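From a predicted model like this one, the values you see are computed outputs, not experimental measurements. Here is how names work: the chains are called A, B, and so on, in the same order as the sequence lines, proteins then strands, and each is numbered from 1.
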Amino acid sequence: MLKFIIRRLIYMIATLFVVSIVTFIIIQLPPGDFVSSMIAHRAALGELVDQSEVDALRSYYGLGQPAHIQYLRWFGAILKGDLGFSMQWNQPVKLLIKDRLPWSFGISLISLAFVWAIGLPIGIYSATHQYSIPDYVATFFGFIGLGVPNFLLALLALWIWFQAKGEVMVGLFSEKYMMEPWSVAKVGDLFRHLWIPALITGMSGTAGLIRTIRANLLDEVRKPYVMMARARGVAERKLLVKYPLRVAMIPAVSTIGWVLPSLFAGELITSFVMGIPTLAPVFLGALLNQDMFLAGSIVLILSTLTVVGTLVSDILLALVDPRIKESV
Amino acid sequence: MSEKNSASSIPQPEEKAAEDRVYVASQWQLMWWRFRKHKVAIISAVLLILMYLTIIFAEFVSPYDPRINHRKFLYAPPQKIHFIDRDGKFHLRPFVYGYEGTMDMETLQIRYAEDRDVLYPILLFARGEPYKMWGLFDSDIHLFGVPEGGTIFLLGTERQGRDMLSRIIIGGRMSLSIGLVGLAISFFLGVFLGGLSGYFGGLFDVVLQRIIEFLRSIPTLPLWMALSAALPPRWTVVQVYFGIVVILSLIGWTGLARVVRSKFMSLREEDFVMAARLVGASELRVVFRHMVPSFTSHLIANLTMSIPGMILGETSLSFLGLGLQEPAISWGVLLKDAQSVAVLAESPWLLLPGIPVVIVVLAFNFLGDGIRDAADPYGR
């Protein structure tokens, strides 16, 4: 087991290294170096830029030197916790991200919980009640989750909410609680706003989970060992949970790592449409304004979170199913 | 059926013919017979063919020029098609009423109402706004239209008074073709790299597997967004189009490469490959004559399933303002106009471009399911 964890850790570090290179390339993509675009940006705002400050910045990031030196400087700064400077916001990137990252992460995690809380029972029910009306309904919703893109669902939710309640559902809090200190009522209000984006973000994941669980469970319950257990007189419910369900869940658990990227992506686009102050609007704004330090840092952080999440799910899976270790 | 066909019982000639058909049928014929039974897949295939035909003849099918502003009809809601006029008389040929907008002086909004005094029959092959078919020859004949003076905005108009239906039809040209062009690139990358990796193995295989794992482990949408934001702003529509396609397929090929690789790895050990080698077939001949045909059907199913991802990718990017932009028309560009609740509340028909997106995505998925089931020789 230890050997397995160490090997996965090495993979993860290698992946993170490549992620950082890709991020660096993204930051470098727009024409001109970022200090000169920063000067241009400040000048456009009518600010005077001190030449000594410019020189200091240039030497700090190693501009004018070969690319690999620039990369090492940048990477070294990140290890020290310096993510660079956002031109558009005139703030260190770290400060901008610090407030918003927990929301992005939180919504994605709640979505993951939704995916399992909804997908698992519906998948089991569909499999045990094959070709019943609820099964068809579940299949239908599965197809909606599969075919309707997140942003369209979010737009529809906004529109339906507006039609039904006559108010615009935007942000995390109602106006009443916006400036209030934290209280039980405020948390309640937060969850009232949070469940719809979380549900939308998890829609395609839920649809996928229902399909996987249903198909696997249907395959599993036809196997002889299930009939054997039934013949021995094991109660139907106990029988289901104890044997075939466990086996049917393995492929679903193993794809948690792959669900994470889609959840982060879903959160990004859903939050953008619904105007929730997560990383989403900042990221999009940074891209549209070519504020590349900010954009690159967000790509770096989201990728890192995904890679770490994948590692955790892999280790969990190896604990659940000893067969995995040998094959990886 | 193999029982009945034994030599002891003499089968009827017709029955025998039907059974023999199965034995002599080629692999593709067998697949087609199985595929035919998959009703949903057949319906999806027909729908997709219709949609692709529509975008090929988009200028002719759309009732208006998608770029012409109708200044008297800004944000006009969809017009209704009628069969029965106000006197209760039934018309075999459907018609629309006259359509007029009046400004509400209090709210400064334009309200549109039918003018029941004028009737415009809907004509097939009607003359309308001139267009240049495929940029080659001029015409002004549209699939349907109304006589001079009438309007037919079946899906309403948008902020500049351009006809939504025509824009959705022309937009399909971008959105639907991006899937196919992207597919061609991912197909090439996936089959080529996956094939090399599976056939030769070794160091190349290890490196490629790490690259694929890397590409699969990072969130694609942020990466797509960052890369397309970096496309030079001075690029023309065509350049941006190909830029987006390349970005989408840079990540899309990994799934295909995995399938091709695992197929090559298992086939490498098969007896028929060994036999081909023994009789002196060259490496290329072994690959293309003996190995590739045995998993072509699998490939096709996999390819079909990967188109929706590309279409959704383009739509999402353009929706966010990072993909195609006006004056280009695609479904994502159209949906971008529906971003604010204020607009949606007044003009919900701007969400309509979402419907073809959903239909296409589902249809490709069902079609892929059908092909996969049909291609599986051990399937029911």
Side-chain angles (χ1 to χ4, degrees), chain A residues 11-12 14-15 18-19 22-23 25-31 143-144 146-152 155-156 158-159 161-163 166 168-170 257-258 260-266 268-269 272-273 275 279 283-284 286-290 292 295-296 298-299 302-307 309-310, chain B residues 40 210-211 213-234 251 308-309 311-313 315-322 331-332 335-336 338-348 350-351 353-355 357-366 369:
Chain A
Y11 278 165
M12 185 188 80
T15 312
V18 184
V19 167
V22 171
T23 311
I25 295 173
I26 288 174
I27 292 178
Q28 298 283 352
L29 273 179
F143 286 135
I144 290 191
L146 181 78
V148 187
N150 272 323
F151 70 88
L152 206 59
L155 280 177
L156 274 175
L158 281 182
W159 183 58
W161 190 272
F162 183 83
Q163 293 294 322
V168 180
M169 176 179 56
V170 164
W258 289 2
L260 280 181
S262 83
L263 281 186
F264 283 133
L268 212 60
I269 205 159
F272 167 71
V273 174
L279 285 177
F283 182 50
L284 192 69
L287 287 176
L288 290 175
N289 291 301
Q290 305 231 319
M292 293 320 277
I298 293 177
V299 171
L302 288 183
S303 311
T304 309
L305 280 178
T306 318
V307 174
T310 312
Chain B
V40 186
R210 288 291 89 73
I211 295 178
E213 250 172 50
F214 165 72
L215 285 175
R216 299 204 81 138
S217 66
I218 50 174
T220 41
L221 188 71
L223 196 64
W224 280 346
M225 287 166 71
L227 288 175
S228 36
L231 294 179
R234 258 171 274 115
I251 292 161
I311 294 178
L312 283 179
T315 312
S316 303
L317 284 178
S318 304
F319 171 78
L320 291 171
L322 294 168
W331 292 337
L335 283 167
K336 192 167 176 263
Q339 259 177 22
S340 81
V341 190
V343 174
L344 270 189
E346 288 298 318
S347 339
L350 292 186
L351 271 181
I355 293 175
V357 177
V358 177
I359 293 177
V360 167
V361 170
L362 286 181
F364 270 119
N365 271 302
F366 291 139
D369 268 343

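Proximity to chain B is limited to the side chain of Leu152(A), based on heavy atoms less than 4.5 angstrom apart. Both the backbone and the side chain of Leu155(A) have a heavy atom closer than 4.5 Å to some heavy atom of chain B. Of the two parts of Phe143(A), the backbone and the side chain both hold a non-hydrogen atom closer than 4.5 Å to a non-hydrogen atom of chain B. Heavy atoms of Leu268(A) lying under 4.5 Å from chain B belong exclusively to its side chain. Heavy atoms closer than 4.5 Å to chain A are found in the side chain of Phe366(B), but not in its backbone. The part of Leu312(B) that comes within reach of chain A is its side chain, from C-beta onward, which places non-hydrogen atoms under 4.5 angstrom from that chain.
Side-chain contact between Val273(A) and Gln339(B) is absent, with no heavy atoms from C-beta onward closer than 4.5 Å. Pro149(A) places none of its side-chain heavy atoms less than 4.5 Å from the side chain of Thr315(B). By the 4.5 Å heavy-atom criterion applied to side chains, Leu344(B) and Phe162(A) are not counted as neighbours. Inter-residue side-chain proximity for Phe283(A) and Pro222(B) is flagged as met; some heavy-atom pair is nearer than 4.5 Å.
Classified by interplanar angle (parallel below 30°, tilted 30° to 60°, perpendicular above 60°), the ring pair Phe319(B)/Phe151(A) is parallel.
Each of Leu223(B), Val358(B), Leu231(B) has some count of heavy-atom pairs under 4.5 Å with chain A, and the biggest count is that of Val358(B). Ranked by heavy-atom pairs shorter than 4.5 Å toward chain B, the options Ile26(A), Leu284(A), Val148(A), Asn150(A) are led by Leu284(A). Interface remark: of the candidates Leu320(B), Leu227(B), Ile359(B), Leu320(B) forms the most heavy-atom pairs closer than 4.5 Å to chain A. Between chain A and the options Ser340(B), Pro348(B), Ala363(B), the largest number of non-hydrogen pairs under 4.5 Å is found for Pro348(B).
Listed here is the closest heavy atom pair of Gly321(B) and Leu288(A): O-CD2, 3.8 Å. Contact detail for Leu362(B) and Gly147(A): the closest heavy-atom pair is CD2-CA, 3.9 Å.
Going from atom CD1 of Ile269(A) over to atom CE of Met225(B) covers 7.0 Å, rounded to the nearest 0.5 Å.
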